[in-house]
There are 2 protein chains.
Amino acid sequence: MAIETGGWVTMGEVAERAGVSKITVSRVLRSPDKVKQETRERVRAAIAELGYVPDEAAGGLSSRRSRIVGAVISTLAGSTFASTVDGLGDRLRQNGHQLLLAGTDYSSAREADAVAAMLGRRPDGLVLTSTTHRDDTRRTLEASRIPVVEIWELPVDPIGYAVGFSNRDAGAAMARHLLAAGRRRMAFIGTAGEDDRRGRLRYDGFAEVLEQSGVAEVRATAAASGTQTARGARGLAAVLERWPDTDAVFCSSDTLALGALSEARRRGLTVPEDIAIAGFGDFEFAGEFGLGLTTVRVPGPDIGEVAAQLILDVNAGLEPPSRTVDLGFQVIARATT
Amino acid sequence: MAIETGGWVTMGEVAERAGVSKITVSRVLRSPDKVKQETRERVRAAIAELGYVPDEAAGGLSSRRSRIVGAVISTLAGSTFASTVDGLGDRLRQNGHQLLLAGTDYSSAREADAVAAMLGRRPDGLVLTSTTHRDDTRRTLEASRIPVVEIWELPVDPIGYAVGFSNRDAGAAMARHLLAAGRRRMAFIGTAGEDDRRGRLRYDGFAEVLEQSGVAEVRATAAASGTQTARGARGLAAVLERWPDTDAVFCSSDTLALGALSEARRRGLTVPEDIAIAGFGDFEFAGEFGLGLTTVRVPGPDIGEVAAQLILDVNAGLEPPSRTVDLGFQVIARATT
DNA sequence: CGGCGCTATGTTACCGATAACATAACAGCC
DNA sequence: GGCTGTTATGTTATCGGTAACATAGCGCCG
């Protein structure tokens with residue numbers, strides 16, 4: 001932290017000060033054991049005195065390893081992916097990589113732009129929360145030879161790899177839980193458009209189990225605008241208007257479920273006696289000291305960590321045993337069902 | 001999307017195919033109006049045919065503009081900063097920049113590491129959620145000549161710029177709200193360690209108003225481990241044990257407030273009749289169709305957007321009118337007070 | 001008609017690192 | 001004592017772009 005005449009200190013300046021060549025400085029940073037201890041210390045001292053920070057972009061250009069992983073996330077708001085991004089960033093950091101983030105707001109056009117922008121950084125890997133892409137996006141990614149990990153679902157034919165769980169099975173599991181609790185006239189509340197994809201899969205699994213049970217009916221609704229809680233409230237209102245005898249609702253997210261809870265309360269209904277309400281995600285507010293909401297817990301942070309590790313492994317030459325990693329989910333029964 | 005013999009297409013290859021020199025391709029990308037339309041189209045065609053994606057790292061190395069902005073965030077989980085990061089990323093994207101993200105988990109040692117790692121990318125700007133830093137971190141940043149924006153608080157002496165609001169004033173405003181609602185024996189529930197800093201400021205403002213009112217008492221407690229909701233629940237329990245006549249609690253976050261609500265309910269207390277509960281943040285679950293929680297709304301997305309714009313402006317040579325931007329806050333009175 | 005100012009394009013020299021190969025010094029071995 | 005292998009360090013070329021300075025062609029003006 002010293003001389004720096006305005007700009008950045010370069011490796012050459014460090015080398016000069018330490019009385020060695022650039023490459024020796026490079027070795028001290030990347031493979032210290034190839035340098036004699038005495039030299040190493042001299043170089044380290046020069047680095048400290050000058051406050052040298054190596055330029056990773058230059059290094060990456062030469063070594064063809066950017067040490068950057070890109071994450072293309074629909075949105076961080078709404079609790080869903082935040083913990084996954086935390087997990088991802090954490091694991092990457094531990095391995096000397098950095099995380100580049102882009103949001104798509106559930107638009108595949110924006111996903112295409114984000115992917116193109118990220119490819120410009122020649123990332124060592126790419127993580128996508130969406131599992132449906134524009135054709136050209138998919139082709140570009142396949143041609144890029146960069147490890148791509150799709151998360152939060154297990155696509156039949158992943159671009160590269162996939163880490164997540166089966167949304168369909170999760171919906172089915174919740175159906176079984178509600179059946180076991182004696183419910184028979186059940187509705188699903190989702191959101192239209194956008195996040196649709198995964199929600200749709202949850203619904204499919206849910207509906208299938210109910211139909212096959214032969215004893216229960218399924219109803220479904222989705223609200224398209226407003227906050228998630230507002231949609232949940234309107235969703236429950238719509239369900240009860242059309243099917244007043246509904247005795248359970250499964251919401252595609254905990255936030256929707258909270259909206260439904262507030263609507264139920266507003267109507268003077270008792271949960272779970274009059275109606276059972278279940279959510280999805282096990283967000284913090286759903287927990288024991290929060291709403292006490294029955295929900296499906298998904299391994300958010302683990303998904304991020306496993307996705308990161310997968311990328312690191314592939315780049316280290318270790319071909320993983322499977323292209324798809326199923327981290328499962330868990331139905332958490334609490335007070336609302 | 002075509003020939004690509006395994007690696008990446010370079011600008012030179014595009015140039016050759018279009019029958020021009022590299023620099024002309026570069027101009028088509030960066031300043032298209034300096035190139036004759038006919039040439040421009042030929043180059044664009046070549047770019048499309050070859051599926052060329054310019055290497056931003058190489059470009060940045062040469063132009064000394066990385067088009068990267070770094071954000072050092074304590075954590076994404078917990079709703080607090082997610083919307084800010086969304087806003088930040090959005091504004092950056094619109095201006096051709098990308099967002100590099102690092103988490104610190106509220107540790108200033110990890111902040112120091114993250115800052116060092118980011119500086120290695122020569123970012124065009126840096127955004128920090130923390131406003132307390134290790135001395136060396138601060139010095140490094142000051143020496144770097146990179147625009148630094150501290151957010152979610154208005155430090156007296158910012159490193160570079162600051163965008164946020166006064167946590168102290170926010171605490172004070174909530175105190176006035178509760179006083180006006182007739183409450184007199186109030187407690188503050190915060191979290192120890194970590195996030196402490198901003199929570200402490202909220203408490204200071206809260207306590208000051210109450211003391212100066214001459215009619216109200218203040219109590220404070222903080223829980224140090226467990227989930228936020230669990231801390232809120234334990235916080236309320238601790239408060240009521242020690243000061244059973246407490247008639248209002250102000251929690252340092254909505255999540256804590258939810259924990260307190262659940263504890264109140266568990267004890268058979270009616271909110272707000274027996275006890276008023278207020279939170280901070282106006283997370284989605286606190287809203288009208290959620291908990292209906294009285295809280296303080298802060299402009300999360302705006303903070304991100306304004307911080308991004310500030311960095312873009314400074315890099316464009318526009319010195320902003322002030323180093324500090326106060327975006328304010330708003331007390332939202334709902335059903336719990 | 002020579003010179004000026006445009007417009008359109010090209011040439012050269014980097015930016016700051018690393019890979020790959022080269023070299024020097026020295027120890028160990030037959 | 002010469003050969004080989006190992007350790008420690010250096011030299012050169014290159015990664016893929018962009019800045020800065022050329023250059024060429026052309027219209028226009030006095």
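Quick caveat, the model's predicted, so the values are computed rather than measured. Just so we're on the same page: letters track the sequence lines, and every chain starts at 1.
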*Tell me, for nucleotides 9-15 of chain D in 5' to 3' order, what letter each nucleotide earns: B for a base near a protein heavy atom under 4.0 Å, S for only sugar-phosphate near one, - for neither?*
BBB---B
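Screening Arg30(B), Arg121(B), Arg65(B) for a salt bridge (charged side-chain N to carboxylate O under 4.0 Å, His left out) involving Glu56(B) leaves a single residue, Arg30(B).
The environment of CD in Glu16(B) is sparse: at most 12 heavy-atom neighbours from other residues, nucleotides or ligands sit within 6.0 Å. In this structure, Glu319(B) places its CD atom where more than 12 heavy-atom neighbours from other residues, nucleotides or ligands lie under 6.0 Å away.
Atom-to-atom, CG of Leu50(B) to P of dG16(D) comes out at 14 Å; the value is rounded to the nearest Å. In this structure, the CZ atom of Arg67(B) is 14 Å from the P atom of dG17(D), given to the nearest Å. Following rounding to the nearest Å, Asp33(A) (CG) and dA8(D) (P) show an atom-to-atom distance of 10 Å. Between the CZ atom of Arg65(A) and the C1' atom of dT18(C) there is a distance of 14 Å, rounded to whole Å. The CD-P distance, from Glu56(A) to dC15(C), rounds to 19 Å in whole Å. Distance Asp55(A) CG to dG17(D) C1': 13 Å, rounded to the nearest Å.
Between Phe165(A) and Trp152(A), the distance separating the two ring centers is shorter than 6.0 angstrom.
For Arg138(A), the salt bridge (Lys or Arg N to Asp or Glu O under 4.0 Å) criterion is met by Glu142(A), Asp157(A), not counting sequence neighbours.
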